[in-house]
Structure formats: structure tokens, C-alpha cells
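Below is one structure; the comments refer to it alone.
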There are 2 protein chains.
Amino acid sequence: MSASRTARERVRAELIREITDIARRHLAVDGAAGLSLRAVAREMGMVSSAIYRYFPSRDDLLTALIIDGYNALGEAVENAEAACAREDLTGRWLAVCRAVREWGLAHPHEYALLYGSPVPGYRAPEDTIAPAARDILVFGKIIADAIATGRLNPPAILPEPPEIISPDAEAVRGLIPGASDDVITRSVAAWTNLYGMVNFELFGQFNNTIEHRAEFFDHVMTGLARMLGLPE
Amino acid sequence: MSASRTARERVRAELIREITDIARRHLAVDGAAGLSLRAVAREMGMVSSAIYRYFPSRDDLLTALIIDGYNALGEAVENAEAACAREDLTGRWLAVCRAVREWGLAHPHEYALLYGSPVPGYRAPEDTIAPAARDILVFGKIIADAIATGRLNPPAILPEPPEIISPDAEAVRGLIPGASDDVITRSVAAWTNLYGMVNFELFGQFNNTIEHRAEFFDHVMTGLARMLGLPE
DNA sequence: TGATGTCAAGAGCAGTGCTCTCGAATACTG
DNA sequence: CAGTATTCGAGAGCACTGCTCTTGACATCA
């Protein structure tokens, strides 16, 4: 634990950072499939084999980028939501939605890495779970706040969720304390709708059809707020 | 146009079919990224360069698989919907939803090719547009039937869509004649929710959370039917 | 100073998409 | 029917990939 050892570790950490930075730039330009260890090494003035001292395989580098991506997205969502007045529940929900969409538009390849087709043969390790939940945590807090302040009134036009999904709802309840199965079901549905919209826009399904995408997105997300029972 | 020419063209068509069949099998096992022209050629007992007589590039082979995929999915949706009683509008909608989900579960890699992250550098050619719309056509017909028979009554809990998306709605109205902007907006939202759900399930976002997926899916899709205004 | 561990470099393996050339077989035409 | 034109499979080759292994230089520590 001498100073010299720390020095070595520091240069090592610095190199790892530089590698991921370059890799992220390549990812942003060429997408995940075009990410090449050799190209990253070339840009660093290293020989390709040296990279393997820092990332044992290409998948490990991808994992690092995925974790960074989840954190970047989560941070964007947290910041957007934190800028809203606490009592403006619908505004907080809309801020979350817009933050997801805008981050996706700004970083399409990274977004695809997180929410697009899984990379074949790649299995996300445990380390990705916590960062992946940052945005959901924010969302859950909004619903929980609405419940706690007695301001969640979901319109009674949906059937009750079937008994059998109760254990699943229970697993989600940790994020939304005090929520009924119905509220939890609506929340998960709204969440999938949010990401479904962003997916459709980013992956080209709206091409030649929906052109006023920001307005359309806002309108649908506002409707979801109503379905969730958030106040107008 | 003699018989011999037809003979050559026939063997050519047969070879193309065989290549796509083998490629589809490889795709189902290894995913799009693992699809290798050389491997396909090897399995056919050909030399790799010979494949290029039939598909000028790997992307062209991928395009063929994408078109086949859209057609297979579209056919599955058409068949499922055709098996329903015409007057059972909600049943027809649910049949469409389930057909999409079940086809996706049965062909995850092909589904990912259609609705997952776009393959980098790959641009879908015109030929894919028509097959890609087969499922949407079925869906549009259900809503159009509901309107035509006066049985579409969307609950009035959503805000009106903003004026600015009217041109987009107009573009969709070809699929759902007689629909208001509000109905069209709800339809597109429901459609994205359907695919958002299937994406989340197939791409792993429900792992360790939602385990009773068929039941959850059915419940959410039933809720969407209510939002669309389909009769109970 | 000498032992230990870390590192970059280089060669090499097996695989990829793709191009080009060269004979041979097939189809069309005078 | 004979000659020409077209199509096709085979093979070599280019540039690239991820990854492994060995070698020699360097810094760290006892």
C-alpha cells in the first residue's frame, strides 16, 4: 500500500478510462457491431494485444460501456426530475419521459446497447443490475409520492389484474411502497409504453408516418399520466 | 423464354431458397451478428465466393431474411385474427397481440432483426415496407370495423391530441378510415405499447421481475382494448 | 543488488466479408 | 449443328477481426 503502488494503479485506472472513452466514441459512430479492440488500440498508439491487459475480452469492454450507459441515462433522468417542483407530480413524470427520449436521441447507439436486441452470446453480468434501475427508481418515487400524498386516482376503466400476477407485483412493490396490484400493473405498463415509444422512434418504426415526434410523444406520455392516475 | 432458360432459372431460384433456409437456421441459432456467408456456403458444400453469385453482399442476404420475417409474422397475425368471429372485436385485437408475442417468443432472433436495434450501416430497402405493414393492416381493419359498426367508444379521459400532429394522423388514416385524430393517436400508442411489451420481454427487461408474462401481457392488452374503446 | 511482478510488443491462429481471375458447363444464335 | 455468349463454381488473395502466447524491458520491493 505504498505510494508507488498507488501510482501504478493510478496510471492503470487512467488507461482504462482512456480506453473506454475512445471505445465510447467509436460506439457512438459505428455502433456496437463496429466496435473493434484493434481500432481502439490503434488510436491509443498501442499494439492490440496490450488492450487485453485491461479488458480480458471484447465483451468486458462492452460491459463497461453498458454500465456507463445505464449510469449516464440514470443521471440524466435524475437531474431532469430533480429540477421539477416536488408537488408537480405530472411534471415530474413528463420530465422523466422526456429525459429518456432525449438521452436516447442524443446517444442512439448506446441506447440500442441498453434497450435494443441483446448482443448474441453476451450475458449481462450482475454489475449492470443496479445502474439499470436508476431510472426506474426515480419513476417509482413519483408514484410513491402520489400515493403518500393521496393524489393518485387512477380512472376505474381497467379490469382488475388477475390474482396470479400478485407475486410479480410484490417484487415491484419495493420500488412503489403502498401501491395496489392495479397501480403496479399500470406503472409497469406505462414504463413499457415509454420505452416502446422511444424504441419505435429510434429504431425507425415511425419513419414516413409520425413526423411530429416530440409532440406526439408528449401527448401519449400525458395520456399515460392520466391512466396512472396522476393529477392534471 | 425457352424451357431450358426456365430450367436454369429454376435451379437458381432453388439455390436461393436453400441459401436463405440455411441462413435462417443459422440466424435462429446464432443471431444476426453470427450469420456468416462462409458458414452457409460450407454447409451447402460450396466455396464461399460462389454465394456471391446469388447474394451480392451479406446485407442482401439479411434483407431477404428480414422480408421473410415480416411476412411470417404478418401471416401469423393474419391467421390468428381470421380465426376469430368478426363481431368479437376485442377478441380479434387480443388475437393479434398474442400472435405477435408468440411469434416473437418462437423466433427471438428474427424478431430482433425486425424490431430490435437496427443493424449498423444497414438501410432497409423499399422492398421491406409492404411486408412490414401486414400486421398493422390487420390491426387497422379491426378499429375500422369497430368504427363502421358504431361500436368504438373510447373513454373520454385523455386530452385531445394537439393540432400539429394532424398531418401525421392523416397519413395513418389510410389504414383506419373514418378515425378521428384522437382514435388514431390512441391506436398508434396501443401499437407501440404492444411492441414495447414484447420487446421488454424478449430483450430481458422483465427478468427477475415479471414472471407470469402471458397473464401480465393479456391483462395489459385487455386494458389497451378498453383505452381504444373496443367493447367489453 | 537481486528477485518479483507488470507491461508493451510482436508473431501467429482461425475466422470474417469481399474481389478477382480462370476454366468449365450451359444456353442462345447464325 | 457449330460457334458464340453467358453463367457458374473454384481457388487464391486482401484486409480485417478477436484472441493467445512468448519475449524482453521496466519498475517495484525485500
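Chain A is the first sequence line, chain B the second, and so forth, proteins listed ahead of strands; every chain is numbered from 1.
- Take B:E170 and apply the side-chain contact (heavy atoms from CB on, under 4.5 Å) test, not counting sequence neighbours, and it matches B:R173.
- C:dT6 atom P lies 9 Å from atom CZ of A:R12, rounded to whole Å.
- With sequence neighbours excluded, the residues that form a side-chain contact (heavy atoms from CB on, under 4.5 Å) with A:D21 are A:R17, A:R24.
- One interatomic measurement links the two molecules: OH of B:Y54 to C1' of C:dC18, which rounds to 17 Å at whole-angstrom precision.
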Distance-only donor-acceptor pairs under 3.5 Å for side chains of residues 99-106 of chain B, two or more places apart:
from: B:R101; atom 1: NE; to: B:E201; atom 2: OE1; distance (Å): 2.9
from: B:R101; atom 1: NH2; to: B:E201; atom 2: OE2; distance (Å): 3.0
from: B:W103; atom 1: NE1; to: B:H107; atom 2: ND1; distance (Å): 3.4

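- Listed by chain and residue number, A:D182 satisfy the side-chain hydrogen bond (donor to acceptor under 3.5 Å, both in side chains) test with A:R186 (two or more places apart in sequence, or in another chain).
- C:dG17 atom C1' lies 12 Å from atom CD1 of B:I51, rounded to whole Å.
- Judged purely by distance below 3.5 Å, without hydrogens or angles, the side chains of B:D60 and B:S57 pair a donor atom with an acceptor atom.
- Residues of residues 15-24 of chain A having a heavy atom closer than 4.0 Å to DNA chain D: none are found.
- Taking atom CG of residue B:L61 and atom P of nucleotide C:dC18, one finds them 10 Å apart after rounding to whole Å.
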Sugar-phosphate atoms are those with a prime plus P, OP1 and OP2; base atoms are the rest. Using that split, label each nucleotide of nucleotides 11-24 of chain D B, S or - for protein heavy atoms under 4.0 Å, 5' to 3'. B-B---BBBB----
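- Judged as a side-chain hydrogen bond (donor to acceptor under 3.5 Å, both in side chains), and not counting sequence neighbours, the contacts of A:R25 are A:E43.
- In this structure A:E75 satisfies the salt bridge (charged side-chain N to carboxylate O under 4.0 Å, His left out) test with no other residue, sequence neighbours excluded.
- Residues passing the side-chain contact (heavy atoms from CB on, under 4.5 Å) test with B:T222, sequence neighbours excluded: A:P159, B:L94, B:R226.
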